Amino acid sequence: MQFVPTLPLSPDELLTTTRTVRRRLDLTRPVPMELVRECLEIALQAPSGSNRQGWHFVLVTDPMLRAEIGLLYQRAVRAYLDSESSAGRLFADDPARAAVQRRVTESVEWLGDRMGQVPVLLVPCLRLSGGGELTAGNQAGLWGSVLPAVWSYMLAARARGLGTAWTTLHLVYEAEVAELLGLPEEVRQAALVPTAWYTGEGFRPATRQPLDEVLHVDRW
């Protein structure tokens, strides 16, 4: 039984309009736990390597915990914005793309200052064998066992009027966040996904590179 009706979106519309939401997250409206659980129930249907299902999901709703994580995230964001790899420094020689990158930078900074105020923070994790050490080799297979589930969660949230954003900058302080959340040593974090009702109108597809610029058939 659904907690709230889903939006009338076709599969293609859902996939092409699920955007990273930063500025339009509603920081004042509580998000019911039942609704987040509903989205996570859908996420659990995602594929997992060898059907291992080693995923775990930590929902952070306590205001003090959110504030502490928010401060760590803010610190990481400020360092990122000062770095050469920040979004605002990319594609500087392309006026059209540079304008988009500036807007991305502004929204990253906005969320960086407010992450701790977002009603729900989702921290998707993987429980690893070997004490939590990341081994060399097939990292794609490893993280591929949790990332599809997180994307399913984000799609389910979008269909229910919630906004989300895939962020990983907090991983600079992964150990500190792990201590705050009481994570076992063998558990590693994959992302930090702020979740809130979104404000404003709906979303539309983003401008992307033409397919033929990134498509390779048979060989590069």
Side-chain angles (χ1 to χ4, degrees), residues 1-9 14-15 17-48 52-74 110-127 143 145-171 173-174 176-184 186-200 202-203:
M1 181 177 180
Q2 290 182 343
F3 186 74
V4 298
T6 56
L7 300 174
L9 302 170
L14 178 64
L15 289 166
T17 63
T18 299
R19 306 256 64 86
T20 292
V21 186
R22 300 186 185 96
R23 287 176 179 263
R24 292 171 61 180
L25 294 173
D26 190 336
L27 306 180
T28 64
R29 184 180 174 188
V31 177
M33 180 63 71
E34 293 87 347
L35 183 56
V36 179
R37 288 178 59 90
E38 189 175 285
C39 296
L40 285 171
E41 289 282 1
I42 291 172
L44 294 182
Q45 294 298 315
S48 173
R52 188 179 300 274
Q53 301 179 55
W55 46 45
H56 287 263
F57 304 91
V58 182
L59 288 174
V60 185
T61 60
D62 178 84
M64 292 184 65
L65 269 179
R66 287 187 286 121
E68 291 189 74
I69 293 172
L71 287 174
L72 293 171
Y73 184 78
Q74 183 184 56
W110 189 94
L111 181 59
D113 290 336
R114 295 166 178 81
M115 180 66 85
Q117 302 174 40
V118 179
V120 175
L121 302 180
L122 172 69
V123 183
C125 304
L126 270 181
R127 183 187 290 274
W143 296 110
S145 290
V146 67
L147 302 192
V150 184
W151 180 233
S152 290
Y153 167 82
M154 296 170 74
L155 291 169
R158 159 81 173 109
R160 288 158 176 78
L162 296 173
T164 60
W166 179 279
T167 76
T168 57
L169 288 175
H170 84 290
L171 293 175
Y173 300 105
E174 182 178 5
E176 290 84 348
V177 174
E179 184 175 359
L180 286 172
L181 301 180
L183 301 183
E186 70 274 15
V187 171
R188 299 298 297 268
Q189 301 162 56
L192 173 63
V193 184
T195 303
W197 300 102
Y198 65 77
T199 61
F203 297 94

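All values derive from a computational prediction rather than experimental measurement.
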S.K.: Between atom CD of Gln74 and atom CD1 of Ile69, what is the distance when rounded to the nearest 0.5 Å?
M.R.: 14.0 Å
S.K.: Leu40 and Tyr153: side-chain contact (heavy atoms from CB on, under 4.5 Å), yes or no, with the steps?
M.R.: CA-CA 6 Å; Leu40 285 171; Tyr153 167 82; 3.6 Å; yes
S.K.: Counting only heavy atoms not in Glu179, do more than 12 fall under 6.0 Å of its CD?
M.R.: no
S.K.: With Val193 as reference, evaluate Leu121, Thr164, Val120 under the side chain to side chain contact (heavy atoms under 4.5 Å, CB included) test and give the passing residue.
M.R.: Thr164
S.K.: Please lay out, stage by stage, how Leu111 and Arg23 fare under the test side-chain contact (heavy atoms from CB on, under 4.5 Å).
M.R.: CA-CA 7 Å; Leu111 181 59; Arg23 287 176 179 263; over 6 Å; no
S.K.: Between atom CZ of Arg188 and atom CD of Glu174, what is the distance when rounded to the nearest 0.5 Å?
M.R.: 4.0 Å
S.K.: So His56 and Leu126, side-chain contact (heavy atoms from CB on, under 4.5 Å) or not? Walk me through it.
M.R.: CA-CA 6 Å; His56 287 263; Leu126 270 181; over 6 Å; no
S.K.: Would you find a donor on one side and an acceptor on the other, under 3.5 Å apart, between the side chain of Ser152 and the backbone of Ile42?
M.R.: no
S.K.: Please report the closest heavy-atom contact between Ala165 and Met154, naming both atoms and the distance.
M.R.: C-CE, 4.0 Å
S.K.: State, yes or no, whether a side-chain contact exists between Leu169 and Tyr73 at a heavy-atom distance under 4.5 Å.
M.R.: yes
S.K.: Are Trp143 and Val146 packed together at the side-chain level, in the sense that at least one heavy-atom pair is separated by less than 4.5 angstrom?
M.R.: yes
S.K.: Does a donor on one side chain and an acceptor on the other come within less than 3.5 Å for His170 and Glu176?
M.R.: no
S.K.: How close do Ala190 and Trp166 get, heavy atom to heavy atom, and via which atoms?
M.R.: O-CZ2, 4.2 Å
S.K.: Step by step, work out the side-chain contact (heavy atoms from CB on, under 4.5 Å) result for Trp197 and Leu35.
M.R.: CA-CA 11 Å; Trp197 300 102; Leu35 183 56; 3.5 Å; yes
S.K.: Looking at Phe203 versus Tyr198, is the centre-to-centre ring distance below 6.0 Å?
M.R.: yes
S.K.: If only atom types and distance count, is the side chain of Gln189 paired as donor or acceptor with the main-chain N or O of Leu171 below 3.5 Å?
M.R.: no
S.K.: Of all the heavy-atom pairs spanning Pro119 and Val31, show the shortest one and how long it is.
M.R.: CB-CG2, 4.1 Å
S.K.: Going by atom types only, do Arg66 and Thr61 share a side-chain donor-acceptor pair under 3.5 Å?
M.R.: no
S.K.: Measure across Gly163 and Val21 and return the closest heavy-atom pair with its distance rounded to 0.1 Å.
M.R.: CA-CG2, 3.9 Å
S.K.: So which atom in Leu183 and which in Cys125 form the shortest heavy-atom distance, rounded to 0.1 Å?
M.R.: CD1-SG, 4.3 Å
S.K.: Taking atom CG of Asp26 and atom OG1 of Thr199, what is their separation to the nearest 0.5 Å?
M.R.: 6.5 Å
S.K.: Donor-acceptor pair, Arg160 side chain versus Pro5 backbone, under 3.5 Å?
M.R.: no
S.K.: Gln53 and Ser48: which non-hydrogen atoms are nearest, and at how many Å?
M.R.: N-OG, 2.9 Å
S.K.: Which distance, rounded to the nearest 0.5 Å, do you find between the CG of Leu162 and the OG1 of Thr195?
M.R.: 7.0 Å
S.K.: Please report the interatomic distance CG(Leu59) to CG(Leu122), rounded to the nearest 0.5 Å.
M.R.: 5.5 Å
S.K.: Can you confirm whether Met115 sits close enough to Leu71 that some side-chain heavy atom of one is under 4.5 Å from a side-chain heavy atom of the other?
M.R.: no
